[in-house]
Protein chains: 2
Amino acid sequence: MTNLPTTFAALSDPTRFAMVERLMAEGALPAGALSAGVEISAPAISRHLKTLRAAGVIQQEVKGTHRIYSVRPEALQMITAWTMSHREFWESSMNRLEMALSEFQETKDD
Amino acid sequence: MTNLPTTFAALSDPTRFAMVERLMAEGALPAGALSAGVEISAPAISRHLKTLRAAGVIQQEVKGTHRIYSVRPEALQMITAWTMSHREFWESSMNRLEMALSEFQETKDD
DNA sequence: TTGTTAATTAACTGTTGATTTAATTACTAG
DNA sequence: CTAGTAATTAAATCAACAGTTAATTAACAA
């Protein structure tokens with residue numbers, strides 16, 4: 001639940017990953033909205049939501065017949081904390097490319 | 001291979017995750033060293049190494065009969081780039097705790 | 001109550017994944 | 001070349017996972 005491998009497992013499915021990205025971009029959404037426009041069935045989406053919730057990646061808010069889902073910031077923070085705890089490792093080869101740090105530098109000056 | 005869900009899938013197994021953490025902490029290691037001290041069989045370790053390699057998380061260097069494995073910094077950088085690209089999302093609830101950012105701030109002044 | 005909509009759970013199928021033991025490849029040493 | 005060591009691939013098993021259709025729960029509105 002609150003450990004990294006479980007979080008990574010939740011995000012390892014492309015469908016779930018896309019759902020999480022959409023929830024972060026658009027904010028909280030009901031299950032129906034996440035189901036719409038996607039080719040897979042509603043029950044499949046429902047199961048993915050359950051998996052994400054069990055892993056602590058998303059949270060649910062019941063609103064009448066709708067269930068509103070949103071990403072738990074703590075999940076992202078946990079991943080960030082892990083990468084940062086190993087920062088000295090991957091940063092040592094930073095001269096090779098501009099990937100993560102350049103992305104970071106972009107949003108740094110706000 | 002070079003996409004996030006695949007990377008997350010590679011890190012979703014507790015055994016593999018532990019192997020990656022050990023490789024980052026101790027540096028490059030031969031397969032035998034990763035196998036020693038762990039309760040699972042050598043072939044199982046070998047398959048895990050193959051999975052990690054296919055996902056681009058680790059790399060292999062052949063040295064005689066030994067295969068030396070090490071973590072590819074790019075894999076960590078890719079994860080970091082992703083979390084940073086969503087930084088405005090999880091950072092907005094940062095007042096709740098000190099997790100990732102505090103970790104980051106600690107190592108910032110070097 | 002009856003019907004409608006939102007979403008889930010149930011039951012089933014096919015695929016992938018982790019593990020083991022046994023066999024194989026490949027390098028090194030005598 | 002023979003033996004030993006490092007590591008992998010082969011073959012088989014069992015569990016977990018993603019997907020489907022069908023059935024169920026729950027809220028709301030007439």
Once you round it to whole Å, what is the distance between P of dA16(D) and CZ of Arg16(A)? 15 Å
Whichever of Arg67(A) and Thr15(A) has the more 5' nearest nucleotide on DNA chain D, that residue is Thr15(A)
How about Arg16(B) and Thr51(B): do any of their side-chain heavy atoms sit closer than 4.5 Å? yes
Please determine which of Leu29(A), Val20(A), Leu23(A) meets the side chain to side chain contact (heavy atoms under 4.5 Å, CB included) test together with Tyr69(A). Leu23(A)
Just by distance, no angles: are the side chains of His86(B) and Glu21(A) close enough, under 3.5 Å, to form a donor-acceptor pair? yes
Look at the side-chain heavy atoms of Ile, Leu, Val, Met, Phe, Trp and Tyr, link any pair under 4.5 Å apart, and say whether Ile68(B) and Met24(B) land in one connected group. no
What residues from residues 36-48 of chain B pass a heavy-atom cutoff of under 4.0 Å to DNA chain C? Ile40(B), Ser41(B), Pro43(B), Ala44(B), Arg47(B), His48(B)
Please report the distance, rounded to the nearest Å, between CG in Asp13(B) and P in dA16(D). 13 Å
Under the criterion side-chain contact (heavy atoms from CB on, under 4.5 Å), I'd like the reasoning laid out for Leu4(B) against Leu11(A): C-alpha separation, chi angles, the key distance, then a yes or no. CA-CA 8 Å; Leu4(B) 243 2; Leu11(A) 296 171; over 6 Å; no
Evaluate the side-chain contact (heavy atoms from CB on, under 4.5 Å) criterion for residues Thr80(A) and Trp82(B): first the C-alpha distance (whole Å), next the side-chain angles of each, then the deciding distance (0.1 Å), finally the verdict. CA-CA 9 Å; Thr80(A) 303; Trp82(B) 182 66; over 6 Å; no
Is a side-chain donor or acceptor of Asp13(A) paired with a backbone partner of Thr15(A) at a separation under 3.5 angstrom? yes
For Ala9(B), does its backbone N or O pair with a side-chain atom of Ser12(B) as donor and acceptor, under 3.5 Å? yes
Would you please test Val38(A) and Leu34(A) for side-chain contact (heavy atoms from CB on, under 4.5 Å) and show each step? CA-CA 7 Å; Val38(A) 186; Leu34(A) 288 163; over 6 Å; no
Is a donor on one side and an acceptor on the other found under 3.5 Å between the side chain of Ser46(B) and the backbone of Ala42(B)? no
Rounded to the nearest angstrom, tell me the gap between atom NZ in Lys50(A) and atom C1' in dC17(D). 14 Å
Taken to the nearest whole Å, NZ/Lys63(B) to C1'/dA7(D) is 17 Å
So the contacted stretch of DNA chain C, first to last nucleotide with an atom under 4.0 Å from a non-hydrogen atom of chain B, runs from dA18(C) to dT28(C)
Is it possible for you to say whether Phe89(B) and Ile79(A) belong to one hydrophobic cluster, with membership spreading through side-chain heavy-atom contacts below 4.5 Å? yes
Per the 3.5 Å Watson-Crick/G-U criterion and a run length of at least three, the stems involving DNA chain D are C:1-30 with D:1-30
Rounded to the Å, how far apart are Ile68(B) CD1 and dA6(D) C1'? 10 Å
Quick one: Leu29(B) CG to dA7(D) C1', roughly how many Å, whole number? 15 Å
